[in-house]
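Each remark here refers to the structure printed beneath this line.
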Amino acid sequence: MTDDEILQQLYDDTLVGNAPSVLALTNQGLEQGMDPERMLYEALIPSLEEVGARFERGDFFVPEMLIAGRAMAGALEVLRPLLAQTGAETVGKFLMGTVKGDVHDIGKNLVNIMLEGAGFEVIDLGVQVAPEKFVAAIQEHEPDVVGFSAFLTTTMPMFKANINALQKAGLREKVIVMVGGAPVTQEYADAVGADGYAADASAAVKRAKELIQQRRAMVPAAT
Ligand code: B1M
């Protein structure tokens with residue numbers, strides 16, 4: 001198969017949730033020297049976007065979304081070590097989780113992979129993370145950044161609930177708060193009082209680095 005045929009087939013098979021074929025095609029693409037990011041951004045992600053569009057139109061239902069998501073997640077596991085390849089030293093500690101009430105994790109996991117690739121130590125709390133769990137993990141791990149992912153308009157308000165919980169625990173000034181996820185915007189991030197927002201995984205890495213640099217410039221290292 002040519003590279004373009006692999007991309008097309010990856011797109012088509014992710015769309016119908018054919019996980020074994022998506023896995024085989026991903027491996028085949030890598031064997032013939034294809035760029036992992038190309039497979040991600042030109043086939044897998046666009047296919048899931050189409051899944052979402054079909055769900056909105058009522059052509060797909062939750063089971064179709066689920067199997068497409070699983071097919072994508074399988075490919076991501078194969079691509080993970082390649083996307084995360086790095087020689088960078090640790091640039092900071094990033095605590096990440098999908099907010100309470102939300103089970104979407106593919107986007108979050110992709111952000112984690114890119115952060116690791118850029119030299120971050122990532123602690124992933126998984127999905128459906130309650131405010132008190134974020135608070136306890138911040139106390140335990142003392143991260144530079146805490147990241148809240150939300151993928152539903154109904155779970156985005158958890159950003160504010162989480163930030164309120166940090167404030168109540170006296171942690172808000174000690175950690176940078178970043179938010180993201182498909183329905184989130186810069187305006188929403190500003191409105192809830194987050195320090196940073198990013199639309200995708202690469203932007204998240206860039207923004208996290210900027211925020212850490214700004215914070216370190218403001219707070220001189222202890223002598
Ligand atoms: Co659901 N789902 N889903 N879903 N799902 C969406 C999100 C939806 C947009 C589909 C649609 O209608 N078009 C819609 C939300 C609408 C809304 O509220 N605005 C939706 C819905 C409605 C639902 C249910 C309510 C359906 C139902 O039950 N009736 C239900 C909710 C369950 C729950 O959470 N309580 C549900 C369930 C599911 C599945 C379980 C079946 C499955 C999830 C599987 C999984 O994640 N393990 C699923 C899937 C697969 C999707 C779509 C099709 C794909 C999501 C995805 O993985 N995208 C999605 C449609 C879509 O997004 N177009 C949809 C690929 C991923 C790489 O992109 O997630 O955007 P994304 O992540 C990006 C950025 O957002 C950003 O970087 C990532 C990488 O570039 N980012 C950050 C993410 N986190 C970040 C954090 C940061 C910074 C950037 O800083 C901290």
Side-chain angles (χ1 to χ4, degrees), residues 11 14-17 19 22 37 39-77 79-80 83 92-118 120 122-129 134 143-159 162-163 175-186 188-189 192 194-212:
Y11 179 93
T14 305
L15 199 58
V16 296
V22 169
E37 295 207 12
M39 289 194 264
L40 191 60
Y41 292 109
E42 292 183 28
L44 297 164
I45 291 180
S47 185
L48 276 198
E49 279 165 5
E50 178 58 21
V51 171
R54 290 186 186 195
F55 177 77
E56 266 174 41
R57 292 201 301 267
D59 295 335
F60 270 15
F61 298 94
V62 173
E64 281 95 344
M65 271 207 299
L66 190 60
I67 57 170
R70 282 196 189 137
M72 160 86 172
L76 211 53
E77 277 314 298
L79 298 178
R80 172 184 282 271
L83 294 169
K93 210 189 263 191
F94 202 114
L95 182 76
M96 179 72 111
T98 298
V99 299
K100 186 176 172 180
D102 202 320
V103 303
H104 295 85
D105 66 356
I106 298 169
K108 165 185 72 62
N109 294 345
L110 188 53
V111 175
N112 288 347
I113 290 171
M114 295 302 190
L115 285 168
E116 281 166 9
F120 279 87
V122 177
I123 301 142
D124 183 9
L125 300 180
V127 298
Q128 305 237 51
V129 183
F134 277 115
D144 298 285
V145 187
V146 60
F148 306 137
S149 281
F151 302 90
L152 300 167
T153 37
T154 50
T155 55
M156 281 163 57
M158 285 313 296
F159 292 158
N162 287 343
I163 290 172
V175 68
I176 296 163
V177 173
M178 274 188 70
V179 296
V184 185
T185 59
Q186 182 65 60
Y188 192 82
V192 296
D195 300 309
Y197 155 80
D200 58 40
S202 320
V205 170
K206 197 165 162 248
R207 192 73 187 111
K209 281 184 174 173
E210 283 167 4
L211 289 166
I212 288 179

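Atoms within a ligand are numbered from 1 in the order they appear, just like the ligands themselves. Values reported hereafter were calculated over all heavy atoms of this structure, with side chains retained and with hydrogens, waters and symmetry mates removed.
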Fill in: Residue from L44, I45, V111, L48 passing side chain to side chain contact (heavy atoms under 4.5 Å, CB included) with I106
L48

Discussion item. Residue-level breakdown please: for F148 versus ligand 1, do any non-hydrogen atoms fall below 4.0 Å on the side chain, on the backbone, on both, or on neither?
Written reply: backbone

Item to complete: Would you mind reporting whether F94 and P143 have side-chain heavy atoms less than 4.5 Å apart?
Response: no

Fill in: Heavy-atom closest contact (T155 atom, V99 atom, distance)
O-CG2, 3.5 Å

Discussion item. Protein heavy atoms near atom 83 (C) of ligand 1, is at least one of them under 4.0 angstrom away?
Written reply: yes

Practice prompt. Please confirm whether G101 comes under 4.0 Å of ligand 1, counting heavy atoms of the residue only.
Written response: yes

Discussion item. Check for me: within less than 2.8 Å of atom 1 (Co) of ligand 1, which protein N/O/S atoms show up?
Written reply: H104 NE2

Discussion item. What I'd like to find out is whether the side chain of L95 reaches to under 4.5 Å of the side chain of V122, using heavy atoms alone.
Written reply: no

Worksheet entry | Contact check: S149 vs ligand 1, nitrogen or oxygen atoms, below 3.5 angstrom | yes

Item to complete: Before signing off on this row, confirm whether F94 and ligand 1 have an N or O atom pair separated by under 3.5 Å.
Response: no

Worksheet item: With side chains defined as the heavy atoms from C-beta onward, is the minimum distance between M96 and I123 less than 4.5 Å?
Response: no

Item to complete: For V129 and G97, work out which heavy atoms get closest and say how close.
Response: CG2-CA, 4.1 Å

Discussion item. Any nitrogen or oxygen of D200, side chain or backbone, less than 3.5 Å from one on ligand 1?
Written reply: no

Discussion item. Closer than 3.5 angstrom, by distance alone: can the side chain of D195 be matched with the main-chain N or O of V177 as a donor-acceptor pair?
Written reply: yes

Fill in: Heavy-atom proximity to atom 32 (C) of ligand 1, best of V103, D102, V179, V99
V103

Fill in: side chain to side chain contact (heavy atoms under 4.5 Å, CB included) partners for E64, two or more places apart
F60, F61

Worksheet item: Heavy-atom distance under 4.5 Å between the side chains of M158 and V192, does that happen here?
Response: no

Worksheet item: Where on A199 is there a heavy atom closer than 4.0 Å to ligand 1, on the side chain, on the backbone, on both, or on neither?
Response: backbone

Worksheet item: Counting from 1, what ligand 1 atoms have a heavy atom of E56 closer than 4.0 Å?
Response: 11 (C), 12 (O), 13 (N)

Worksheet item: Taking the side chain as C-beta and beyond, is there a heavy-atom pair between L110 and L83 under 4.5 Å?
Response: yes

Worksheet, complete the sentence: Looking only at protein heavy atoms, what sits closest to atom 66 (C) of ligand 1 is G107 CA, 3.8 Å

Discussion item. Please compare A182, A73, S47, A203 and report which has the shortest non-hydrogen distance to atom 75 (O) of ligand 1.
Written reply: A182

Practice prompt. Could you list which atoms of ligand 1 come closer than 4.0 Å to a heavy atom of L48?
Written response: 53 (C), 56 (C), 57 (O), 58 (N), 65 (C)

Response to the item:
When every non-hydrogen atom of V175 is compared with those of V146, the smallest separation belongs to CG2-N, 3.7 Å

Worksheet item: Do side-chain atoms of Q128 reach the backbone of V103 as a donor and acceptor pair under 3.5 angstrom?
Response: no

Practice prompt. Check each atom of ligand 1 against the heavy atoms of G147 and keep those under 4.0 Å away; list them by number with element.
Written response: 91 (C)

Worksheet item: Taking the six-membered ring where the residue is Trp, are the ring centres of Y197 and Y188 under 6.0 Å apart?
Response: no

Item to complete: Write out the residue and atom name of the closest protein heavy atom to atom 44 (C) of ligand 1, then the distance separating them to 0.1 Å.
Response: I106 CD1, 4.2 Å

Discussion item. Taking R57 first and then E50, would you say they form a salt bridge - that is, a charged N and a carboxylate O separated by under 4.0 Å?
Written reply: yes

Discussion item. If you scan the protein for heavy atoms around atom 15 (C) of ligand 1, do you find one that is closer than 4.0 Å?
Written reply: yes

Worksheet item: Which heavy atom of the protein is the closest neighbour of atom 46 (O) of ligand 1, given with residue, atom name and distance?
Response: D105 N, 2.8 Å

Discussion item. With a 3.5 Å distance limit and no angle check, can you tell me whether D102 reaches the backbone of T98 through a side-chain donor-acceptor pair?
Written reply: no

Worksheet item: Under the 3.5 angstrom rule, does the side chain of S47 hit a backbone N or O of Y11 as a donor-acceptor pair?
Response: yes

Worksheet item: Who gets closest to atom 18 (O) of ligand 1 by heavy atom: L110, T153, L66?
Response: T153

Worksheet item: Aromatic rings H104 and F151: how do their planes relate, parallel, tilted or perpendicular, breaks at 30° and 60°?
Response: tilted

Practice prompt. Pull out every atom of ligand 1 sitting under 4.0 Å from any heavy atom of A198, numbered as shown with elements.
Written response: 88 (C), 89 (C)

Discussion item. Going by the closest heavy atom to atom 91 (C) of ligand 1, which one wins out of E64, M178, K100, R207?
Written reply: M178

Worksheet item: Any protein heavy atom lying closer than 4.0 Å to atom 55 (C) of ligand 1?
Response: no

Worksheet entry | Nearest protein heavy atom with distance in Å, relative to atom 80 (O) of ligand 1 | A201 N, 3.2 Å

Worksheet item: Under 4.0 angstrom from atom 59 (C) of ligand 1, is there any protein heavy atom?
Response: no

